[in-house]
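Just so we're on the same page: letters track the sequence lines, and every chain starts at 1.
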2 protein chains.
Amino acid sequence: MSERKPSTRPTIDDVASYAGVSIATVSRVINQTAPVATKTVERVQAAIENLNYQPQAAARTLAGRKTRTIGLLLPQIGGYFFFPMLQGIESGAHVDGYNLLIHSALSNPDPDQGEMPLALGEHNTDGLIVFAHSLSEKELRRLYDFGLPLVLLHQSPPEGLAIPNVTFENKDGARRIVEHLIEVHGYREIAILTGPEEHEDSYWREMGYLEALNAHGLVFNSALKLRGKFSPEIARLAVAGLLGTGVPLDAIFAADDESASGAMMALREAGLRIPEDVAVVGFDDTLLASHLTPPLTTVHAPIEQAGRVAISQLVRLINGEKTESVTLLPTELVIRKSCGCCSK
Amino acid sequence: MSERKPSTRPTIDDVASYAGVSIATVSRVINQTAPVATKTVERVQAAIENLNYQPQAAARTLAGRKTRTIGLLLPQIGGYFFFPMLQGIESGAHVDGYNLLIHSALSNPDPDQGEMPLALGEHNTDGLIVFAHSLSEKELRRLYDFGLPLVLLHQSPPEGLAIPNVTFENKDGARRIVEHLIEVHGYREIAILTGPEEHEDSYWREMGYLEALNAHGLVFNSALKLRGKFSPEIARLAVAGLLGTGVPLDAIFAADDESASGAMMALREAGLRIPEDVAVVGFDDTLLASHLTPPLTTVHAPIEQAGRVAISQLVRLINGEKTESVTLLPTELVIRKSCGCCSK
DNA sequence: GCGTATAATGTAAGCGCTTTCAGAAAACGT
DNA sequence: ACGTTTTCTGAAAGCGCTTACATTATACGC
């Protein structure tokens with residue numbers, strides 16, 4: 001293995017002399033930045049075709065001071081959430097003609113410690129999509145002050161920074177699913193399994209839960225609030241713990257599908273049937289939801305769309321156009337079986 | 001929103017004059033490409049620090065003719081498989097000091113149709129990791145002939161191209177899990193739910209299944225071979241169909257976890273218990289496996305590691321070092337409940 | 001037709017780095 | 001001491017493009 005002839009790619013000069021024009025003209029037909037005679041365009045295009053020429057990105061970047069690439073900053077998450085998001089971002093980026101450079105906070109030495117002069121930032125990209133909590137506030141500020149176009153996904157900007165932010169209608173979705181539990185099934189002892197404390201999506205989902213309770217005259221029982229971390233294991237433990245206390249319970253609203261799955265495991269281990277003994281519902285409608293037994297009733301979050309919207313906001317920012325300071329994507333109730341409904 | 005002061009970043013010249021040296025020296029301390037007096041190094045480093053200087057990638061690329069980025073080509077897959085793979089690739093790339101540019105075949109106009117002068121290829125990257133079937137053979141050949149370092153993930157190279165290839169010990173893993181079914185549980189009517197026809201991993205898993213059958217004197221019954229597509233829906237339909245025929249059946253070996261999930265659904269819908277009536281096992285051990293009910297016995301495939309190894313092979317190739325022509329990563333049996341074992 | 005506005009092309013100056021090449025400084029040998 | 005290596009440093013030439021700016025061909029007006 002190994003040992004292969006290197007090769008040298010044609011440059012714009014080759015194309016120019018092949019077509020019998022100057023490199024400026026070649027550049028113009030490539031970028032369509034100035035009128036060129038139809039005949040010339042044809043000649044140049046033929047030359048490009050024949051030589052199999054493709055402009056070299058680095059040179060264009062250097063000369064044109066735009067990288068045509070967008071950076072994506074991810075925290076060290078795993079999970080079901082991630083994939084559709086990436087898909088949305090990737091496809092959005094390509095539609096707009098941008099390349100996608102990915103950087104996970106994982107690979108960075110000291111995510112929190114402050115300093116992480118991320119190689120991505122102001123150097124290789126025209127703008128950055130920053131997923132919740134993958135950047136310290138300090139670093140975010142620095143990039144912002146620097147003037148780098150930024151869009152936040154599932155996180156609102158720190159005080160004073162006008163960074164567009166895209167996320168879901170979390171409160172609304174949560175309220176609706178909890179109301180479903182109350183109105184359709186008549187549950188009254190509904191536990192909530194939250195996400196991590198600092199996570200905004202989780203916060204608003206909790207608010208939605210509270211709102212639904214209030215709207216139906218139910219009082220919030222703090223014993224029914226379990227802190228999860230978007231992790232099935234933690235959820236399972238938390239629910240097992242709750243079950244141990246003997247607090248009455250007829251449903252669990254998990255702030256994410258993975259926690260819902262963990263809750264189901266705990267319930268099952270305790271010999272409880274779902275949904276007959278305790279109903280379980282989730283949030284996100286990730287791939288996982290339909291695979292669970294019973295299939296999970298949840299709130300569909302347009303994850304992929306969020307990625308796409310984030311890109312389009314970023315592109316507007318890059319182009320100096322106006323952007324929405326916050327975009328809330330609508331969610332939708334997905335009824336399956338785990339809430340007690342029998343459909344499908 | 002919008003309207004922010006742009007800003008101009010310091011260049012190597014700024015650093016040079018700040019430190020009172022020439023840009024050549026600055027370059028040398030940055031790249032450690034030639035000896036520099038300790039005192040000078042310190043001065044330069046202080047300058048870099050103070051000015052918050054970071055070299056501009058495009059300029060380095062242009063001057064140094066290396067991009068320091070690796071491209072990843074993905075097909076339009078969804079799925080559980082994807083995430084750990086990306087994680088492995090991403091972290092591997094960063095460990096080796098490379099950026100990661102992602103490109104999904106999805107975004108390409110005509111993936112199969114041949115022509116797709118992918119912007120990634122020879123222009124913005126030092127090398128490419130190509131996931132199975134994200135590139136036509138023709139395109140692959142072109143890039144190879146061009147001399148671009150290439151590594152294939154889960155696909156062997158076309159005739160005559162010496163491209164390193166990393167994948168799992170599929171046959172071995174499949175054989176072992178099927179033998180588990182036969183030896184430990186005594187099943188004899190074991191159906192197989194394959195992946196898509198052209199997929200090599202799937203092919204070898206099927207071979208492993210056959211091998212296990214043969215080794216135990218069982219004859220292969222073609223009625224028990226169901227063609228899946230790594231998709232739960234298709235698997236579900238296929239299994240439902242099989243059940244309809246009344247062919248005796250005591251276990252199903254699915255070539256991937258998602259199909260296993262689909263199989264489980266079909267079984268459940270037919271009123272069959274898992275594993276009492278029919279056992280189900282999978283392959284891959286994706287996140288999904290442990291969430292299923294009952295938890296899925298499967299073969300753990302080191303997906304993340306595969307990504308990491310692919311990167312390291314690619315980096316060797318880039319550096320002109322020798323590489324393995326094929327890397328088979330060992331798999332491991334993961335016993336849960338769906339096979340009939342009771343552990344955990 | 002002639003002057004002038006307009007379209008089409010070419011010339012050349014960088015973009016911010018890396019890297020020869022050569023010169024200056026320091027270290028060595030005897 | 002003096003020549004000779006060995007270190008260290010700087011000047012300058014690109015890398016392959018984009019983009020003013022200048023120039024030339026073509027169109028228009030009357």
Side-chain angles (χ1 to χ4, degrees), chain A residues 6-45 47-48 51-69 97 99 119 121-126, chain B residues 6-45 47-48 51-69 97 99 119 121-126:
Chain A
S7 178
T8 178
R9 79 184 87 268
T11 73
I12 199 173
D13 296 276
D14 299 328
V15 176
S17 58
Y18 188 102
V21 298
S22 73
I23 63 168
T25 300
V26 175
S27 175
R28 284 191 271 257
V29 351
I30 290 173
N31 301 296
Q32 310 195 42
T33 133
V36 176
T38 330
K39 262 175 61 181
T40 315
V41 171
E42 283 165 5
R43 276 219 316 289
V44 172
Q45 268 163 353
I48 290 178
L51 298 178
N52 196 6
Y53 167 76
Q54 286 197 247
Q56 188 164 310
R60 306 180 83 170
T61 300
L62 190 54
R65 45 199 114 275
K66 49 181 38 69
T67 67
R68 295 255 110 204
T69 110
N99 281 117
E122 39 287 58
H123 310 288
N124 303 310
T125 59
D126 292 343
Chain B
S7 177
T8 179
R9 79 183 89 268
T11 74
I12 199 173
D13 295 276
D14 299 327
V15 176
S17 58
Y18 188 101
V21 298
S22 73
I23 64 169
T25 300
V26 176
S27 175
R28 284 191 272 256
V29 351
I30 289 173
N31 300 296
Q32 311 195 41
T33 133
V36 176
T38 330
K39 263 175 61 181
T40 315
V41 170
E42 282 165 5
R43 277 219 314 291
V44 172
Q45 267 164 354
I48 290 178
L51 297 178
N52 195 6
Y53 167 77
Q54 286 196 246
Q56 188 165 311
R60 306 181 84 172
T61 299
L62 190 53
R65 46 198 116 272
K66 47 182 38 68
T67 66
R68 282 157 202 295
T69 109
N99 281 117
E122 33 297 50
H123 310 287
N124 302 310
T125 60
D126 292 342

> If you look at every heavy atom in P10(B) and L51(B), which pair is closest and at what distance?
Replying inline: CG-O, 3.4 Å
> What is the distance, rounded to the nearest whole Å, between atom NZ of K39(B) and atom C1' of dT9(D)?
Replying inline: 14 Å
> dA8(C), dG16(C), dT9(D): which one has an atom nearest the side-chain heavy atoms of A63(B)?
Replying inline: dG16(C)
> What is the distance from CD1 of I12(A) to C1' of dT19(D), rounded to the nearest Å?
Replying inline: 12 Å
>> Consider side chain to side chain contact (heavy atoms under 4.5 Å, CB included). Of V29(A), V26(A), T25(A), which one does T40(A) pass it with?
In response: T25(A)
> What is the distance, rounded to the nearest whole Å, between atom CD of Q54(A) and atom P of dC17(D)?
Replying inline: 11 Å
> Do L62(B) and Q56(A) touch side chain to side chain, with heavy atoms closer than 4.5 Å?
Replying inline: yes
>> Without decimals, in angstroms, what is the distance between D13(A) CG and dC15(D) P?
In response: 9 Å
> Quick one: which of dC17(C), dT9(C), dT9(D) gets closest to the side chain of V36(B)?
Replying inline: dT9(D)
>> Any N or O donor-acceptor pair under 3.5 Å from the base of dG10(D) to the side chain of R28(B)?
In response: yes
> Does a side-chain heavy-atom distance below 4.5 Å link V21(B) with V36(B)?
Replying inline: no
>> Heavy atoms only, 4.0 Å cut-off, all strands: where does N31(A) land among base, sugar-phosphate and nothing?
In response: sugar-phosphate
>> With a 4.0 Å cutoff (strictly under), does any side-chain N or O of T40(A) reach OP1 or OP2 of dA8(C)?
In response: no
> Between D14(B) and R9(B), which heavy-atom pair has the shortest distance, and what is it?
Replying inline: OD2-O, 4.4 Å
> For the pair made of CD1 in I30(A) and C1' in dT18(D), what is the distance, rounded to whole Å?
Replying inline: 11 Å
> Rounded to the nearest 0.5 Å, how far does CG of N99(A) lie from CZ of R68(A)?
Replying inline: 9.5 Å
> Counting any heavy atom closer than 4.0 Å, what does S27(B) reach on the DNA or RNA strands: base, sugar-phosphate only, or nothing?
Replying inline: base
>> Using a 4.0 Å cut-off on heavy atoms, which residues in residues 16-24 of chain A reach DNA chain C? List them by number, or say none.
In response: G20(A), V21(A), S22(A), A24(A)
>> How close do I30(B) and Y53(B) get, counting heavy atoms only, and between which atoms?
In response: CD1-CE2, 3.6 Å
> For DNA chain D, whose closest nucleotide is more 5', that of R60(A) or that of L62(B)?
Replying inline: L62(B)
>> Output the rounded distance in Å from CD (Q56(B)) to P (dG14(C)).
In response: 17 Å
